Amino acid sequence: MDDNKKTEVSADSSSSNKNFIREIIDEDIKNNKNDGRVHTRFPPEPNGYLHIGHAKSICLNFGLAKTYNGKCNLRFDDTNPAKEDVEYVDSIINDIKWLGFDWEDRLFFASDYFEQLYEYAVKLIKDGHAYVDSSSIEEIKEMRGTPTQPGTLSPYRERSVEENLKLFEEMKAGKYKDGEHVLRAKIDMSTPNMKLRDPLLYRIRHEHHHRTGDTWCIYPLYDWAHGQSDSIEGITHSICTLEFENHRPLYDWFLDKLGIHHPQQIEFARLNLSYTIMSKRKLLELVENKFVDGWDDPRMPTISAYRRRGYTASSIRNFSEKVGVAKRDGVIDLALLEHSIREELNKSSNRVMAVLRPLKIVITNYPENKTELLTAVNNPEDESSGSREIPFSRELYIEQHDFQENPHRKFFRLSPGREVRLRYAYIIKCEEVIKDETGNIVELHCTYDPETKSGSAQSQRKVKGTIHWVDADKSIDAEVRLYDRLFNVPAPGSDKDKDFKDFINPDSLEILKNCKLEPGLQNSQSGSRFQFERLGYFCVDSKYSTNENLVFNRIVTLRDSWAKIEKRNKS
RNA sequence: UGCCGGAUCGUCUAAUGGUAGGACUACGCCCUUUGGAGGCGUCUGUAGAGGUUCGAAUCCUCUUCCGGCAACCA
């Protein structure tokens, strides 16, 4: 949780980058609109965990407030008790804090305003702008018309103010069952903007609310609650995503009829990430049907999952900055997110050696009972991180992938009769390949060149490859989890014919049990991050790792030009 | 077919009538005791057609394509 103290890789999210929203705000300030005040808000519904798309919105709203010396509220739009839960409230609060943002004493809930909202509705009724409709769901749907056909007027549309008031009070008092009546705004049933065709304001729900308990049995709909909540909080710029563009005239209508403070709504394109699904409904489905191990499964695009996987808050903030803000909707390449965390961890994380798929080697000309301590640099990008000593002896493990019996011509690592450098140690030569009865390679016999010890005067001899290793006797065991993208198509959520679950990547998780790590890793703290040299960045899993059974998550691989050559050769 | 929005390198994003630039990706070279990092370089773009203008990604007209809207969800 100390991410926020770490060195920022680049400018923080409050800085420079211009976008169309900032131009609007600049203009507003110039005109002294709202007395030059800037007040934004992040308004999640507590019906799921926050994902990377929310992170963009959070960084935008809190970032804008910071840039303009304004304020940003956290407000839960909790108007639908059937779908909402305190578990989600808690996770959302935790995630935003972790991202590094502070709403100070301005934590609000739309449910804080239920009484006020009710009074606003009464005013609308009194002014002849709202009515109680006793039609069924189906009838209301039928009367709404279609985008190309006007709707028709409800038979209850001309009820008197007195009758509407009485009915609405009775609705509130619990006299009616769910669905018997609704309160609707009286606007226009033939307007081409469907949102304006007498939208529903209240529905009857005899449901327990996570904050108001059983006080209410009528609940405001989002469209009725949202704009007024912003108004009540004195929000100056209500930033939301593109799909609410059609709602803006409706919010304007409410604010106008109520004669209250009028925030300015500005819509921007939500974040889409390739190979990723962002719908909370679909993410819930993955969780409920156990396709993943909870909301924080490191393959999920949720903030809690990225945190558990090992992403830093600053890398996500930097990513949010890099994706930009515009009205055109598009898809961000997952590679940009990966770039953001690599960029940071390259500078900040210590290097260690770990062998994921061990192959034993015996250095036949190295003394049997000798162990040397060799010096290894902790982070070549950061001199202050110092160095450490690692044990070296006759029997070692190297990566199975670093040996090829019949090497490809561009394979620079170990193969029979060839030499390779062991990182921070000696140059070795493969003399003999030992196999079992079935022909599997079980061990390599090598010799080392004592003149080539790392750092010594004679160590200058060049070999084509350098590989990592650990001491067979002194190394420790760990479990390492390798993650790949959860879906194997770029846009799993947008196929019209197929269900998104059909695109789940069956190889998105690989669990490696007998990995060998250099001994210094024994007491690594939960959540700490390392670069496993030549492999990638890894993080001690906060859910399953213990001192007895270390579990590491792969955050992201290193860029790997050999992997590219291999891939190209296969295709 | 109605309304609202949108269209600039492969992907995001700048240029607000005056040299189409940056980032990511890809590719190449250099460097390298991480095939990492780093350095240098290359490729690729204004949806189309007209018009206004000395000059248009930008202004005007038409066309095309894409997204959103018909939950008692948010």
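In this text, all values refer to a predicted model and were calculated from it rather than measured experimentally. A note on names: the letters A, B, ... follow the listed sequences, proteins ahead of strands, and every chain is numbered from 1. Hydrogens, waters and symmetry mates play no part in the numbers below; they use all other heavy atoms, side chains included.
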Closest nucleotide of RNA chain B for Asp223(A) versus for Lys327(A): which of these residues is on the 5' side? Lys327(A)
Identify which nucleotide among rG35(B), rU25(B), rU34(B) has an atom closest to any side-chain atom of Leu558(A), counting heavy atoms from C-beta outward. rU34(B)
Evaluate salt bridge (Lys or Arg N to Asp or Glu O under 4.0 Å) for Glu267(A) paired with Arg248(A), printing each intermediate quantity in order. CA-CA 9 Å; Glu267(A) 308 87 8; Arg248(A) 178 158 29 88; 2.6 Å; yes
Please give, in whole Å, the distance from rA70(B) P to Leu250(A) CG? 13 Å
Quick check on rA74(B): is either OP1 or OP2 less than 4.0 Å from any side-chain nitrogen or oxygen of Arg203(A)? yes
Measuring centre to centre across the rings, with the benzene-like ring taken for any Trp, is Phe168(A) within less than 6.0 Å of Tyr202(A)? yes
Rounded to the nearest Å, what distance is computed from the CG atom of residue Asp333(A) to the C1' atom of nucleotide rU25(B)? 6 Å
Among rC73(B), rU34(B), rG2(B), find the nucleotide with the atom closest to the side chain of Arg534(A). rU34(B)
Hey, does the side chain of Arg248(A) come within less than 4.0 Å of rG5(B)'s phosphate (OP1/OP2), counting only N and O? no
Tell me: CD of Glu142(A) to C1' of rA71(B), nearest whole Å? 16 Å
Quick one: which protein N/O atoms are closer than 3.5 Å to N/O atoms of nucleotides 19-21 of chain B? Pair and distance per line, please.
none

Give the rounded distance in Å between these two atoms: NZ of Lys496(A) and C1' of rG67(B). 10 Å
Taking only N and O in the side chain of Arg328(A), is any of them less than 4.0 Å away from OP1 or OP2 of rU8(B)? yes
Please confirm whether the shortest side-chain N or O distance from Lys464(A) to OP1 or OP2 of rU33(B) is below 4.0 Å. no
Residues forming a salt bridge (Lys or Arg N to Asp or Glu O under 4.0 Å) with Glu142(A), sequence neighbours excluded: none
Considering just the side-chain nitrogens and oxygens of Lys564(A), establish if one lies under 4.0 Å of OP1 or OP2 belonging to rA26(B). yes
Base rC72(B) paired with Arg205(A) side chain (donor-acceptor, <3.5 Å): yes
Mind checking if Thr241(A) touches a base, just sugar-phosphate, or nothing, with heavy atoms under 4.0 Å? nothing
Using the side-chain heavy atoms of Thr148(A), tell me which of these nucleotides is nearest: rC24(B), rA74(B), rG2(B). rG2(B)
Which one, rG2(B), rA37(B), rG67(B), comes nearest to the side chain of Asp329(A)? rG67(B)
Under 4.0 Å, heavy atoms only, any strand: does Ser279(A) hit a base, just the sugar-phosphate, or nothing? nothing
With sequence neighbours excluded, what pairs up with Glu533(A) under the salt bridge (Lys or Arg N to Asp or Glu O under 4.0 Å) test? Arg423(A)
With respect to the phosphate group of rU33(B), does any side-chain polar atom (N or O) of Lys462(A) fall under 4.0 Å of OP1 or OP2? yes
In whole angstroms, how far is the P atom of rA23(B) from the CZ atom of Arg342(A)? 17 Å
Output the rounded distance in Å from OH (Tyr275(A)) to C1' (rU11(B)). 12 Å
Among rG36(B), rC73(B), rA70(B), the one nearest any side-chain atom of Glu45(A) is rC73(B)
Can you confirm whether the side chains of Tyr49(A) and Glu87(A) place a donor and an acceptor under 3.5 Å from each other? yes
What's Thr191(A) touching, base or sugar-phosphate or nothing? Going by heavy atoms closer than 4.0 Å. nothing
Do Lys347(A) and Ser349(A) come close enough that some side-chain heavy atom pair is under 4.5 Å? no
For a quick test of reading the model: is some side-chain N or O of Ser561(A) closer than 4.0 Å to OP1 or OP2 of rG36(B)? yes
Under 6.0 Å between ring centres: does that hold for His181(A) and Tyr156(A)? no
With the side chain defined as heavy atoms from C-beta on, Arg423(A) is closest, among rA70(B), rA71(B), rU33(B), to rU33(B)
In chain order, what residues pass the ring pair (Phe, Tyr, Trp, His ring centres under 6.0 Å) check against His408(A), with sequence neighbours excluded? Trp562(A)
Are Ser134(A) and Arg159(A) close enough that a side-chain donor and a side-chain acceptor fall under 3.5 Å? yes
Any side-chain N or O of His468(A) below 4.0 angstrom from OP1/OP2 of rU34(B)? no
Give Pro380(A) one of three labels, base, sugar-phosphate or nothing, depending on what nucleic acid heavy atoms sit under 4.0 Å from its own. base
Should the ring pair Tyr448(A) and Tyr426(A) be called parallel, tilted or perpendicular, given that the plane angle runs from 0 to 90° and is split at 30 and 60? perpendicular
Contacts of Phe76(A) meeting ring pair (Phe, Tyr, Trp, His ring centres under 6.0 Å) (sequence neighbours excluded), chain-then-number -> Phe109(A)
Step through the shown structure and confirm whether more than 12 heavy atoms of other residues, nucleotides or ligands are within 6.0 Å of NZ on Lys429(A). no
From CZ of Arg421(A) across to C1' of rG35(B) the rounded distance in Å is 16 Å
Report yes if a donor N or O on one partner sits less than 3.5 Å from an acceptor N or O on the other, where the partners are the side chain of Ser454(A) and the base of rU33(B); otherwise report no. yes
Per nearest nucleotide of RNA chain B, the residue lying toward the 5' end, Asn246(A) or Glu381(A), is Glu381(A)
Establish, with yes or no, whether the OP1 or OP2 oxygen of rA71(B) is under 4.0 angstrom from a side-chain nitrogen or oxygen of Arg281(A). no
Range-with-range stems for RNA chain B, at least three Watson-Crick or G-U pairs under 3.5 Å: B:2-7 with B:64-69, B:10-13 with B:21-24, B:26-30 with B:38-42, B:47-51 with B:59-63
Can you tell me how far P of rA71(B) sits from CZ of Arg197(A), to the nearest Å? 11 Å
Of the listed nucleotides (rG28(B), rC12(B), rC72(B)), which one gets closest to any side-chain atom of Val323(A)? rC12(B)
